[in-house]
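We name chains A, B, ... by the order of the sequence lines, and we start the count at 1 in each one.
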Number of protein chains: 2
Amino acid sequence: MAMQKKQQNFRQHLVRSGLKATRQRELIARAFFATNTHISAEALYRRVSGRDRRIGLVTVYRTLKLLKEAGLAHERQFGEGRALFEHASSERHHDHMICTHCGKIVEFENCEIEALQEEVARKLGFTIQYHKLELYGRCKECRADASGGTGRIRVVGAR
Amino acid sequence: MAMQKKQQNFRQHLVRSGLKATRQRELIARAFFATNTHISAEALYRRVSGRDRRIGLVTVYRTLKLLKEAGLAHERQFGEGRALFEHASSERHHDHMICTHCGKIVEFENCEIEALQEEVARKLGFTIQYHKLELYGRCKECRADASGGTGRIRVVGAR
DNA sequence: ATTGAAAGTGAAAGTGATTGTCAGTATCAT
DNA sequence: ATGATACTGACAATCACTTTCACTTTCAAT
Ligand SMILES: [Mn+2]
Ligand SMILES: [Mn+2]
Ligand SMILES: [Zn+2]
Ligand SMILES: [Zn+2]
């Protein structure tokens with residue numbers, strides 16, 4: 001989905017919810033849509049702050065909340081510390097592998113795991129609403145040596 | 001592993017680390033080993049507090065940290081809010097399914113999922129150090145109806 | 001049993017990410 | 001243009017811990 005389209009969606013959500021389209025919200029949403037990483041509220045604030053010094057961190061938090069409500073952003077909590085936000089829009093569900101050394105975040109999808117999760121839940125008498133699967137370890141670069149192959153990966157992370 | 005044995009292990013860890021065996025640590029560890037749930041520091045504090053009013057919440061936190069270092073406790077962070085602790089000792093690795101309605105926690109093991117995780121990591125060029133798999137949904141009781149079967153489950157949760 | 005260096009304790013203050021409050025400001029349907 | 005309603009930023013508050021600090025307790029060496 002193009003940035004323009006996302007911005008449009010956001011405005012629609014605001015109108016439908018009886019909210020107002022403010023200069024701050026425009027700026028923050030634009031800056032968010034311009035990213036393609038997992039970004040913290042603080043980091044997004046720093047970016048927006050560069051364009052307009054008068055914007056507050058609090059408003060960034062509030063706008064990210066609105067973006068979540070609009071279904072345009074996902075909030076992730078990797079380990080402890082600050083939350084990271086990423087685009088939700090059209091992208092399919094995915095899980096994350098995080099390097100404990102350099103913080104690199106790699107996204108992956110695995111239908112087999114998803115199917116097995118459903119099976120586990122069914123056996124336990126549960127209905128899954130959502131899940132959290134995070135693999136933590138060392139990436140190729142963060143091990144002294146070098147070896148192993150890859151597939152279709154997206155390296156997407158920034159604090 | 002029996003409670004006595006665990007208490008013994010804890011004392012050994014203290015001695016090896018040049019730490020002291022205090023009345024408070026004995027009491028807190030005993031109370032922890034007496035649980036078989038996922039328990040918060042606060043909840044454990046309330047239990048110990050019943051036996052000895054003079055013990056502080058801070059010391060409970062400190063002792064839980066020691067128990068982790070001794071390899072006798074695991075700390076879990078389900079969703080947001082306070083951490084829950086459980087015995088580590090002999091029990092094998094397991095993951096969790098959590099009811100978003102009543103908070104019930106059910107443990108499960110699934111070798112196939114574990115194997116697939118390793119495969120994913122290998123393809124991405126990572127070496128897994130640890131992982132987090134949590135399924136969130138509604139349990140049988142928390143859906144209006146009743147149906148479905150189970151396997152070997154342990155329902156283990158308490159805040 | 002005594003001693004004293006090192007570690008431990010509880011109370012209270014601090015932390016850090018996020019959320020709530022509030023008085024002044026901006027938006028937008030009319 | 002206008003006014004009801006929503007929004008904003010600064011600041012305070014929250015929440016789950018963690019740190020600090022002025023005493024206590026432990027325990028190896030007497
Ligand atoms: Mn992602
Ligand atoms: Mn468990
Ligand atoms: Zn790395
Ligand atoms: Zn339930």
### Between P of dA10(D) and CZ of R53(A), the distance in whole Å
11 Å
### Query
What's the OH-P distance between Y45(A) and dT19(C), to the nearest Å?
17 Å
### Summary
In whole angstroms, the gap separating P of dC7(D) from CG of L27(A) amounts to 16 Å
### Message
Quick one: does any side-chain atom of H74(B) pair with a main-chain N or O of H93(B) as donor and acceptor, under 3.5 Å?
### Response
no
### Message
I need the CG-P distance between L57(A) and dC11(D), as an integer number of Å.
### Response
14 Å
### Query
Please walk me through it: do H101(B) and E141(B) pass side-chain contact (heavy atoms from CB on, under 4.5 Å)?
CA-CA 10 Å; H101(B) 192 248; E141(B) 289 72 36; over 6 Å; no
### Cluster link L67(A) to V58(A), ILVMFWY, side chain under 4.5 Å
no
### Query
Looking only at side chains, do H38(B) and E107(B) share a donor and an acceptor under 3.5 Å apart?
yes
### Query
In whole angstroms, how far is the P atom of dT14(D) from the CZ atom of R82(B)?
15 Å
### Query
Nucleotide by nucleotide, 5' to 3', does protein get under 4.0 Å of the base (B), only the sugar-phosphate (S), or neither (-) in nucleotides 3-9 of chain C, counting heavy atoms?
---BSSB
### Message
With a 4.0 Å cut-off on N to O distance, would you call R76(A) and E134(A) a salt bridge?
### Response
no
### Task
Grab the CD-C1' distance between E26(A) and dC7(D) for me, whole Å please.
14 Å
### Rounded distance in Å - NZ (K65(B)) to P (dA16(D))
19 Å
### Query
Base, sugar-phosphate alone, or nothing: which one does A41(A) contact when heavy atoms must sit under 4.0 Å apart?
nothing
### Message
Let me confirm one number: the CZ-CZ distance from F33(B) to F10(B), rounded to the nearest 0.5 Å.
### Response
7.0 Å
### Task
Using whole Å, report how far CD of E80(A) lies from C1' of dT18(D).
12 Å
### Query
Nearest nucleotide by nearest heavy atom, which residue falls closer to the 5' end of DNA chain D, A21(B) or Y61(B)?
Y61(B)
